[in-house]
Amino acid sequence: MKNEKLTDKSTEELKKTEKSLKAITGILLGSLIVLFGLSLYINFTKGFTPLTIIPIALLPIAIVNFNTINNIKKEINSRTE
């Protein structure tokens, strides 16, 4: 993915990016919650497995996505004021 500045994009592109990023982040969080629940279940039934670490390791991706969404919202709001 190209690293473009938010100021170089049009408002429509920012809104489209925000919408798709929200959907992707929602799917990611949903799958992380399910994966975390399943890994906890496996831990209690069969003992520790390396699968427990995966949802914790993937959590920073969701945090970065939330920060990007907030930056996009700030850019859109600065353009409408």
Side-chain angles (χ1 to χ4, degrees):
M1 185 174 177
K2 290 190 280 183
N3 192 7
E4 297 179 1
K5 292 183 180 179
L6 296 177
T7 55
D8 295 339
K9 290 187 175 185
S10 67
T11 306
E12 294 90 25
E13 288 176 331
L14 286 175
K15 288 180 181 180
K16 184 178 178 183
T17 304
E18 179 188 16
K19 185 177 178 181
S20 63
L21 198 56
K22 280 183 180 180
I24 291 169
T25 305
I27 293 169
L28 176 64
L29 282 176
S31 61
L32 285 177
I33 290 169
V34 169
L35 184 60
F36 188 69
L38 289 174
S39 66
L40 283 178
Y41 173 74
I42 292 172
N43 272 340
F44 288 129
T45 57
K46 296 185 180 185
F48 179 76
T49 62
L51 288 177
T52 307
I53 300 169
I54 293 174
I56 297 168
L58 294 177
L59 190 62
I61 296 172
I63 294 170
V64 169
N65 284 350
F66 280 126
N67 287 337
T68 305
I69 291 170
N70 285 335
N71 289 339
I72 290 173
K73 284 181 182 179
K74 286 178 187 176
E75 181 64 29
I76 291 173
N77 288 336
S78 71
R79 292 182 183 188
T80 57
E81 292 177 353

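Throughout, numbering of the chain's residues begins at 1 and tracks the sequence. Because only heavy atoms are used, hydrogens play no part in the values below, and waters and symmetry mates are left out as well, while side chains stay in.
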Engineer: Rounded to the nearest 0.5 Å, what separation is found between the CZ atom of Phe36 and the OG atom of Ser31?
Structural biologist: 13.5 Å

Engineer: Does one hydrophobic cluster hold both Leu51 and Val34, with members joined at side-chain heavy-atom distances below 4.5 Å?
Structural biologist: no

Engineer: If you group Ile, Leu, Val, Met, Phe, Trp and Tyr whenever their side-chain heavy atoms sit less than 4.5 Å apart, what else falls in with Phe66?
Structural biologist: Leu29

Engineer: With sequence neighbours left out, write down each residue that passes side chain to side chain donor-acceptor pair (under 3.5 Å) with Glu75, or none if nothing qualifies.
Structural biologist: Arg79

Engineer: Suppose we screen for side chain to side chain donor-acceptor pair (under 3.5 Å). Which residues come up paired with Thr52, at least two apart in sequence or across chains?
Structural biologist: Asn43

Engineer: I'd like to check Ile24 versus Ile27 (side-chain heavy atoms, cut-off strictly below 4.5 Å). Are they in contact?
Structural biologist: no

Engineer: Who are the salt bridge (charged side-chain N to carboxylate O under 4.0 Å, His left out) partners of Lys19, not counting sequence neighbours?
Structural biologist: none

Engineer: If you take all heavy atoms of Leu28 and Asn65, which pair is closest and at what distance?
Structural biologist: CD2-ND2, 4.3 Å

Engineer: How about OH on Tyr41, more than 12 heavy atoms from neighbouring residues, nucleotides or ligands closer than 6.0 Å, or not?
Structural biologist: no

Engineer: To the nearest 0.5 angstrom, please state how far the NZ atom of Lys16 sits from the CD1 atom of Ile72.
Structural biologist: 13.0 Å

Engineer: Can you hop from Ile54 to Leu32 via hydrophobic side chains spaced under 4.5 Å?
Structural biologist: yes

Engineer: Once you round to the nearest 0.5 Å, how far does CG of Leu21 lie from CG of Leu14?
Structural biologist: 11.5 Å

Engineer: Within the side chain of Thr80, is there an N or O that forms a donor-acceptor pair under 3.5 Å with the backbone of Asn77?
Structural biologist: yes

Engineer: Kindly list each side-chain donor-acceptor pair under 3.5 angstrom involving residues 57-64, sequence neighbours excluded, with atom names and distances?
Structural biologist:
none

Engineer: Excluding sequence neighbours, so at least two apart, what forms side chain to side chain donor-acceptor pair (under 3.5 Å) with Asn70?
Structural biologist: none

